[in-house]
Amino acid sequence: MRYRLFFISALLMLGVCCCKERGAEAKVIDAKGDKSLVVVPDFKADSAYVFTQKQLDFGFRIPNTKEHDECADFLADMLHRFGADTTLQRGKVMAYDGSYLNITNIIGSFAPEKERRLLLFAHWDSRPYADYDEDKANHKRPIAGADDGAASVGVLLEIARQIGLQPTNIGVDVIFFDAEDYGTPYFYKGKQMVEHDWALGSQYWAMNPHIRGYRADYGILLDMVSGKGSVFPYEQVSVHFAPHIVKKVWDKAESLGYGNFFPKKNGGTVIDDHYYINMYGIPCVDIIAYDADSETGFPPYWHTVKDDMRNIDKGTMKAVGQTVMEVIYNE
Ligand code: AHN
Ligand code: ZN
């Protein structure tokens with residue numbers, strides 16, 4: 001890397017313009033405010049894909065199960081290996097039906113001493129019910145949660161791996177939130193025991209941040225970012241709380257040639273983990289698939305038994321992963 005930087009500097013000094021296009025080895029970008037160069041690493045979708053498959057191999061990541069807890073250890077271990085200071089935040093939360101869930105938020109901090117920070121997050125649990133499946137017989141069966149959960153974590157693990165290899169200027173915290181997808185299934189007929197029944201892990205964190213008074217400049221949530229044919233128009237909670245971050249991310253995608261994945265038009269309004277982090281006081285955006293043609297606004301396999309690896313597309317992963325990396329390495 002040192003040699004390559006030297007080589008690129010030499011080329012620049014000679015006045016040679018090195019304008020590589022997207023997908024090429026590395027890009028040369030003037031860092032804001034100083035003369036140093038930022039070479040944004042190449043996001044490897046193959047690696048994100050393997051990280052996604054690995055999670056599914058544990059089984060269903062449903063709180064209070066052995067499979068869930070084993071996967072948590074795996075995710076923490078990966079963040080640790082990539083060089084992050086890793087914290088497992090364990091808690092107990094009440095679910096919609098009054099039952100208690102033992103949850104684990106998994107936190108990895110890069111350059112924890114840095115003042116300026118960015119928060120990247122996704123949910124790592126998988127939904128216990130395929131309550132939108134076309135076959136009613138499947139409604140009480142769990143989903144594999146390939147796109148809805150695992151792939152967003154897979155993309156963030158690949159970004160974490162890259163940060164471990166080449167540090168960013170800004171400090172980065174990665175949080176995998178638990179129990180996002182434990183919201184009330186439509187078939188539940190009992191008394192509703194909690195009002196905010198989705199995103200239980202991020203709500204828990206917002207009430208008990210892993211560091212007292214934790215701050216980040218802004219945050220980016222990934223949720224269902226790897227489906228074949230998925231697109232990510234503006235999510236409206238993000239536009240409300242963090243219009244400047246929406247602009248930053250969507251402009252970056254466009255400039256990289258990923259404008260077709262990130263259309264600059266309005267999508268849905270989603271009460272997702274970012275809602276609670278925005279309420280906590282960190283402006284953040286949700287990159288989330290929006291399907292204008294489906295009744296739910298989500299991809300057709302959403303909360304069905306079809307949310308498996310067959311829908312996962314490395315091209316979509318690359319578009320999202322590279323866009324997020326270009327944003328963070330330019331801070
Ligand atoms: C609501 O539909 C209220 N929240 C959905 C957020 C979600 C579920 N993302 C993935 N699964
Ligand atoms: Zn879900």
Side-chain angles (χ1 to χ4, degrees), residues 52 55-56 60-63 68 71 93 95-96 101 103 105 120-134 138-156 175-188 192 194-206 219-227 230-241 267-279 284-292 294-309 311-312 316 320:
T52 305
Q55 293 167 76
L56 266 63
F60 306 114
R61 285 88 61 214
I62 301 169
H68 170 272
C71 186
V93 297
Y96 64 89
L101 306 178
I103 61 161
N105 293 325
L120 302 176
F121 55 114
H123 79 88
W124 74 272
D125 63 307
S126 62
R127 182 155 179 78
Y129 318 110
D131 49 346
Y132 278 82
D133 201 89
E134 59 188 4
N138 289 333
H139 286 191
K140 294 187 179 175
R141 292 180 52 201
I143 69 167
D147 194 26
D148 193 357
S152 307
V153 169
V155 168
L156 290 187
I175 307 187
F176 301 140
F177 286 118
D178 202 353
E180 187 277 338
D181 236 343
Y182 215 94
T184 314
Y186 80 88
F187 52 77
Y188 176 67
Q192 190 74 28
V194 287
E195 193 192 340
H196 294 252
D197 55 335
W198 298 85
L200 300 173
S202 53
Q203 291 188 65
Y204 182 86
W205 181 90
I220 301 175
L221 165 61
L222 305 187
D223 191 8
M224 302 189 277
V225 293
S226 302
S230 284
V231 290
F232 314 101
Y234 303 140
E235 187 280 322
Q236 298 302 300
V237 171
S238 312
V239 171
H240 177 81
F241 285 103
T269 304
V270 187
I271 303 302
D272 207 338
D273 289 319
H274 72 317
Y275 175 80
Y276 298 98
I277 307 306
N278 272 302
M279 294 302 279
C284 45
V285 300
D286 191 2
I287 301 176
I288 184 167
Y290 175 72
D291 183 345
S294 85
E295 248 170 69
T296 62
F298 296 125
Y301 50 81
W302 182 72
H303 292 185
T304 76
V305 296
K306 292 207 178 78
D307 182 3
D308 59 27
M309 290 305 284
N311 292 304
I312 301 303
T316 312
V320 173

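Both ligands and their constituent atoms are indexed starting at 1 by order of listing. Keep in mind that this is a model prediction, so the values were computed, not measured.
- Looking from atom 7 (C) of ligand 1 to the surrounding protein, the closest heavy atom is E180 OE2, 3.1 Å.
- The N, O or S atom of D181 with the smallest distance to the Zn ion (ligand 2) is OD2.
- The two residues I220 and C284 come nearest to each other via the heavy atoms N-CB, 4.3 Å.
- Scanning the protein for heavy atoms near atom 8 (C) of ligand 1, the closest one is D181 OD1, 3.2 Å.
- With D125 contributing its side chain and A179 its backbone, the two residues share a donor-acceptor pair below 3.5 Å.
- Separation of atoms CG (D223) and CG (D147) is listed at 8.0 Å; rounding is to 0.5 Å.
- The backbone N or O of M224 sits less than 3.5 Å from a side-chain atom of S152, completing a donor-acceptor pair.
- Distance alone, capped at 3.5 Å, is enough to place a donor-acceptor pair between the S126 side chain and the R61 backbone.
- With respect to the Zn ion (ligand 2), D148 has OD2 as its nearest N, O or S atom.
- Counting only N and O atoms by type, the side chains of D178 and H68 include a donor and acceptor under 3.5 Å apart.
- In plain terms, the two heavy atoms of W205 and N105 that are nearest each other are CB-ND2, 3.8 Å.
- Under 4.0 angstrom from ligand 1, there are no non-hydrogen atoms of R127.
- The closest donor-acceptor contact from the side chain of Q203 to the backbone of H196 lies under 3.5 Å.
- The nearest protein atom to atom 5 (C) of ligand 1, hydrogens excluded, is given as V270 CG1, 4.0 Å; this is a heavy-atom distance.
- Listed by number with element, the atoms of ligand 1 under 4.0 Å from a non-hydrogen atom of I271 are 3 (C), 4 (N).
- The distance from ligand 1 to the heavy atoms of H303 drops below 4.0 Å at these ligand atoms: 8 (C), 11 (N).
- Residue contact annotation: E180 places no N/O/S atom under 2.8 Å from the Zn ion (ligand 2).
- The Zn ion (ligand 2) does not have D223 among its coordinating residues (no N/O/S atom, backbone or side chain, under 2.8 Å).
- Among all protein heavy atoms, the one lying closest to atom 10 (C) of ligand 1 is D148 OD1, 3.0 Å.
- A donor-acceptor contact shorter than 3.5 Å links the side chain of D197 to the backbone of T184.
- Inclusion of H123 in the first shell of the Zn ion (ligand 2) is not supported: no N, O or S atom falls under 2.8 Å.
- In terms of protein heavy-atom proximity, atom 9 (N) of ligand 1 is closest to D223 OD2, 2.7 Å.
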